[in-house]
Amino acid sequence: MTRTGLSDTIAAIATAPGSAGVGIVRVSGPDALSIADGVFRGRGTPSRTRGGRFLSGALVAGDGELLDEGLCLVFRAPRSYTGEDVAELQTHGSPAVLSRVLSRVLELGARPARPGEFTLRAYLAGRLDLAQAEAVLELVSAGTDTARRQAALGLSGALGARVERVASHVTRTLAAIQALLDYPEEGVPDEDRAVPLAAAEAELTALLGTARAGQVATRGARLALIGRPNAGKSSLLNALLGYERSIVTPLPGTTRDYLEAQLSLAGVPVTLVDTAGLRETADEVEAAGVRQAVRLAGGADLVLALEDGSVEREALPAELPPQARVLRVRTKSDLPAAWTDPTTLAVSAVTGEGLPGLREALHAALLGDAARGEAWLTTERQVDAARRALAHLQAARFLPDDLAGYELEEALRALAELTGRDVAEDVVDAVFRNFCVGK
Ligand SMILES: Nc1nc2c(c(=O)[nH]1)N(C=O)[C@@H](CNc1ccc(C(=O)N[C@@H](CCC(=O)O)C(=O)O)cc1)CN2
Ligand SMILES: Nc1nc2c(ncn2[C@@H]2O[C@H](COP(=O)(O)OP(=O)(O)OP(=O)(O)O)[C@@H](O)[C@H]2O)c(=O)[nH]1
Ligand SMILES: [K+]
C-alpha cells in the first residue's frame, strides 16, 4: 500500500456485499462531517453535532432525490475508530442504496478507501498496535469460535501485555548491565541478570508454545492417516466423518491415490487425508502412492499412525519424516487383540468404540494445553519475531556483560516488532494488504 493520501477523507461501504437489514457507508478524515452534511438531511447537521451522537433523517442525491431513510453517526477526532472525524451513514442494507450513497459521498470530495485503510489509520494514530490490527483482521474472518476468542483477546491487547511482561524482565537485566559496564571486574549479580533472563526465556517459550495452537485455530489443521495396507485407514476416516467417503474393501492396497475430507473437531476445521497403505510393492502405481503417503505425512500437522490390532504387529516399512508429530492408533478393537500397547489408542471403526477418546486426543494434540484466557501467537509474523527474540535471549545467557547487552537490545527490538511498535513500513503494509475494503 502506498502511504500517500493519508490526510485525504476516505469512504467505503463497511458492510458485506448483498442485501441485509442495515448497511453502512463509513467516511473518515478531515472533511468527513462536512461531506455528511451534503448527503444527509435531518433535524440536525452532522458537522454541528457532538461526537458520540446520531441523527435520524434521509440520505439524498445531488439533485435532491431521496435515496433512503437513514441514520448518521457522528464521531469526532480523536474519539473514533480511526482517530479522525468519522461519519457513519446507516441505510437499509441494499447494494442499490449503498452504491448511490457512496457515489454521492465521493462526489462531495471523499476518495475510495484502500483495503484496510481505516484500520491502518487507527494504527498510525496509535489507537491499535500491529498485533491488535492483525487481531481485527482475524476477527473479521474468524470461522470458528476458537479463532474468534483468540482474536478478541488479541484485540483487547492481551498479547501486547504478555510481550510487555517479557520485555520488562529484559529491560531490567539490560539496565543492570549498563549500570555496571564501567566496572567490568564486578560483574552483574545473578539476581539482576540470570534470574530475570530465565524468567523472560520461560515466558517467551510458553508464548511460542501457543503458536501451533493459534495457527491451527485460525487456519485449521491437516491430519494424515498412515499405515500398512488393510490397517483400516479408510474405515476410520469414514467413521470419523460419519459417512462413506473412502472406499473400503478387504483387499490390501485399495487406496492408491490420496483423498481429502473436511471435518469439524470441536470447532477446529480439520482436513483428513487418507493415503495409500505403506508396503514394499512391485506395482508402480501403488509404489508411487506409498512415496506420496510419506510426503503427505511430512506436510501434515499431525499423523495418525494406524496399526491393525487383529494381526501380529509389524513395524512400518517406510520411515516417517522426522518432523512428523505422530499419534498411534490400534485399529479393529472389536476383534480379538493380537497385541496391546499402553501408548496406543484402541478404536473400532465398526462399533465406534474408542472414537470419542480419539476425537479428544486429536483436539488436545492439535490445540495443546495452551491456557484459556491467555493470548496466543496467531500469525507467522508474530511467531518469527518471537523466535528471533528468544534466540537473542539464549545467546545472551553465556556472553560477557558487554556482548550480552547487545543481544538483549536486539531481543527488545524483536519484541517491539512483535506488537508492532518498531516495524518497517513494508512489514506493516504486508499486514494491511490482507484486509478488505471498508475495514
Ligand atoms: N457501527 C459500527 N459498529 C462497529 C464498528 C464501527 O466502526 N461502526 N467497529 C469498528 O470496527 C467495531 C467497534 N469499534 C470501535 C472502536 C472504537 C470506536 C470509538 O469511536 N471509540 C471512541 C469513543 C466514542 C464515544 O464513546 O464517543 C474512543 O475510544 O475514543 C468506535 C468503534 C465494531 N462495531
Ligand atoms: N472388524 C473390523 N474390521 C475393520 C475395522 N476397520 C476396518 N476393517 C476391515 O479391514 C479391511 C480394510 O479396511 P480399509 O479401511 O479398507 O483399510 P485401509 O487401511 O484403508 O486399506 P488400504 O486401502 O488397502 O490401504 C476391510 O475389510 C474393513 O472392513 C474395524 O474396526 N473392525
Ligand atoms: K483395504
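A quick note: this is a predicted structure, and the numbers were derived from the prediction, not measured. Hydrogens, waters and symmetry mates play no part in the numbers below; they use all other heavy atoms, side chains included. Residue numbers start at 1 and run along the sequence shown. Counting starts at 1 for both ligands and their atoms, following the listed order.
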Note: V350, heavy atoms under 4.0 Å from ligand 2, region reported as both
Residue pairs passing the side chain to side chain donor-acceptor pair (under 3.5 Å) test with at least one member in residues 352-366, sequence neighbours excluded, are S333-E353
Side chain to side chain donor-acceptor pair (under 3.5 Å) pairs touching residues 41-55, sequence neighbours excluded, are D37-S47
Before signing off on this row, confirm whether A349 and ligand 2 have an N or O atom pair separated by under 3.5 Å.
yes
Exercise for review: Scan the protein's non-hydrogen atoms and note whether one is under 4.0 Å from atom 19 (C) of ligand 1.
Suggested key: yes
G227: heavy atom below 4.0 Å from ligand 2, yes or no?
-> no
Worksheet entry | Protein non-hydrogen atom below 4.0 angstrom of atom 29 (O) of ligand 1 present | yes
request  = Say whether S333, considering both its backbone and side-chain N or O atoms, lies within less than 3.5 Å of an N or O atom on ligand 2.
outcome  = no
One finds that the ligand 2 atoms under 4.0 Å from a non-hydrogen atom of A231 are 19 (O)
Check your understanding: Any non-hydrogen atom of T331 lying under 4.0 Å from ligand 2?
Key -> no
Crowded around R381 CZ? As in, over 12 foreign heavy atoms under 6.0 Å?
-> yes
Subject >> NZ or CZ of R26 within 45° of F118 ring axis and under 6.0 Å >> reply: yes
Whether R76 lies under 4.0 Å from ligand 1, heavy atom: no
So is G51 in contact with ligand 1, going by heavy-atom distances below 4.0 Å?
-> no
Note: heavy atom closest to atom 15 (C) of ligand 1, options F75, Y81, F118, belongs to Y81
